[in-house]
2 protein chains.
Amino acid sequence: MYSSPEYREFRDYLHANGMNVTPERMEVLSLVLKQKGHFRIEDLIRNSARRKKSISRATIYRSLKAIEQAGLIKSIRSIHDEKIFEIVKGHHDHMICELCGAIIEFYDLDLESLQDKICDSQDFLPSRHVMKIFGTCSICRNKKD
Amino acid sequence: MYSSPEYREFRDYLHANGMNVTPERMEVLSLVLKQKGHFRIEDLIRNSARRKKSISRATIYRSLKAIEQAGLIKSIRSIHDEKIFEIVKGHHDHMICELCGAIIEFYDLDLESLQDKICDSQDFLPSRHVMKIFGTCSICRNKKD
DNA sequence: AGAATAATTGAGAATGAATCTCAATTATTC
DNA sequence: GAATAATTGAGATTCATTCTCAATTATTCT
Ligand SMILES: [Mn+2]
Ligand SMILES: [Mn+2]
Ligand SMILES: [Zn+2]
Ligand SMILES: [Zn+2]
């Protein structure tokens, strides 16, 4: 149980920060890894609630924060300014459809290096970035006919 | 009074949306235009409170939303995930220093057109975007010596 | 103008996400 | 296995934002 690289990484993070590896923390990570795509905290809480031994809201919040700090998930905001999480895979950016709410992930190397170049020109040392393009997705565009 | 282009634009928006031009709404816009750089709603509420006729919290929230929808201001999130507003000048993006919180505005035409190109390749019709680069600003970099 | 109608405001209540408190539980150290 | 430290859960609390609704103000109609 709990042997995939994500669990190992999380354990490492916990150890490195003098925190204990507890069943609750591992269980929250497990709930997270079961999610597909983007998810809300409430989803996790609901999923946890319908289990034999449910985990408290407070602990889910606390564990999620640790998992985020461990770099395994990150948060973005939906069109409705709702906080949603996603599992950190490779870095990517987002297109968000204002009509249907769809989130399209993309990664463009030219874009990434152009950003570095811009930062360089301002003597700014970048560590990470967030880029969201809002608009209308291909599906919604075609619906409008 | 209330004759600069921003007020005119706001009046137009209100008319176009069947909303009345009220002293309160104009006063909130006036408070907004007095702000320099980025500001929080609480700043406006505090500023309004220390006036002869103060405007209620509810009305400030409601008017701000209208001003935002009129396209005169927009909201971003600080490093601490605080909601802050800024007056919409020309479009620009942000570098945000993780050490001192400084917000550096920039605009890069190559970046903008590259984004359009990427959207095009996905058949996505962009309307606006948000791009924030986090990292260390030039001042903080030099302090570290 | 003046009545009738519609929109707006303000004060406080309500909501909802996120955090905090602290006693009880569980893990770690000695 | 006692002593100590960390964690958890339940509910209270906080804080931003929204809502409610009676009172006020603006707009429309005759
Ligand atoms: Mn994503
Ligand atoms: Mn700005
Ligand atoms: Zn869509
Ligand atoms: Zn700085």
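Chain A is the first sequence line, chain B the second, and so forth, proteins listed ahead of strands; every chain is numbered from 1. All values below were derived from every heavy atom in this structure, side-chain atoms included, with hydrogens, water molecules and symmetry-related copies excluded.
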Engineer: For Asn17(B) and Gln69(B), test the side chains for any donor-to-acceptor distance below 3.5 angstrom and give the result as yes or no.
Structural biologist: no
Engineer: Would you kindly confirm whether Ile41(A) and Phe10(A) end up in one hydrophobic cluster when ILVMFWY residues are joined by side chain heavy atoms under 4.5 Å apart?
Structural biologist: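 The answer is yes; both residues are in one hydrophobic cluster.
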Engineer: Quick one about Gln115(B) and Asp108(A) (side-chain donor to acceptor, distance below 3.5 Å, no hydrogens or angles considered), yes or no?
Structural biologist: no
Engineer: Under a 4.0 Å N-O cut-off, is there an ion pair linking Glu27(A) with Arg51(A)?
Structural biologist: yes
Engineer: If the sugar-phosphate is the primed atoms plus P, OP1 and OP2 and the base is the rest, what is the B/S/- string for nucleotides 7-18 of chain C, using protein heavy atoms under 4.0 Å?
Structural biologist: SSBBB-----SB
Engineer: So what's dC21(D) paired with, Watson-Crick or G-U wobble, going by both distances under 3.5 Å?
Structural biologist: dG10(C)
Engineer: Take His129(A) and His94(B) through the side chain to side chain contact (heavy atoms under 4.5 Å, CB included) test and state the conclusion after the steps.
Structural biologist: CA-CA 10 Å; His129(A) 70 257; His94(B) 295 110; over 6 Å; no
Engineer: Atom pairs under 3.5 Å, N or O on each side, protein against nucleotides 1-4 of chain C: can you list them with distances?
Structural biologist:
none

Engineer: Among all residues two or more places apart in sequence or in another chain, which pass the side chain to side chain contact (heavy atoms under 4.5 Å, CB included) test with Ser75(A)?
Structural biologist: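 In terms of side chain to side chain contact (heavy atoms under 4.5 Å, CB included), with neighbours along the sequence ignored, Ser75(A) is linked to Glu68(A), Lys83(A), Phe85(A).
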Engineer: Which base, if any, makes a Watson-Crick or G-U wobble pair with dT5(C), both distances under 3.5 Å?
Structural biologist: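 Matched dT5(C) with dA26(D) under the 3.5 Å cut-off.
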Engineer: In whole angstrom, give the distance that lies between atom NE2 of His80(A) and atom C1' of dT17(D).
Structural biologist: 17 Å
Engineer: Would you say that more than 12 heavy atoms from the other residues, nucleotides or ligands in this model lie under 6.0 Å from the CZ of Arg77(A), or not?
Structural biologist: yes
Engineer: If you group Ile, Leu, Val, Met, Phe, Trp and Tyr by side-chain heavy-atom gaps below 4.5 Å, do Ile104(A) and Val130(B) land in one group?
Structural biologist: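 No, Ile104(A) does not connect to Val130(B) through the hydrophobic network.
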Engineer: Across all strands, who's sitting opposite dG16(C) as a Watson-Crick or G-U wobble pair, both distances under 3.5 Å?
Structural biologist: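 Pair assignment: dG16(C) / dC15(D).
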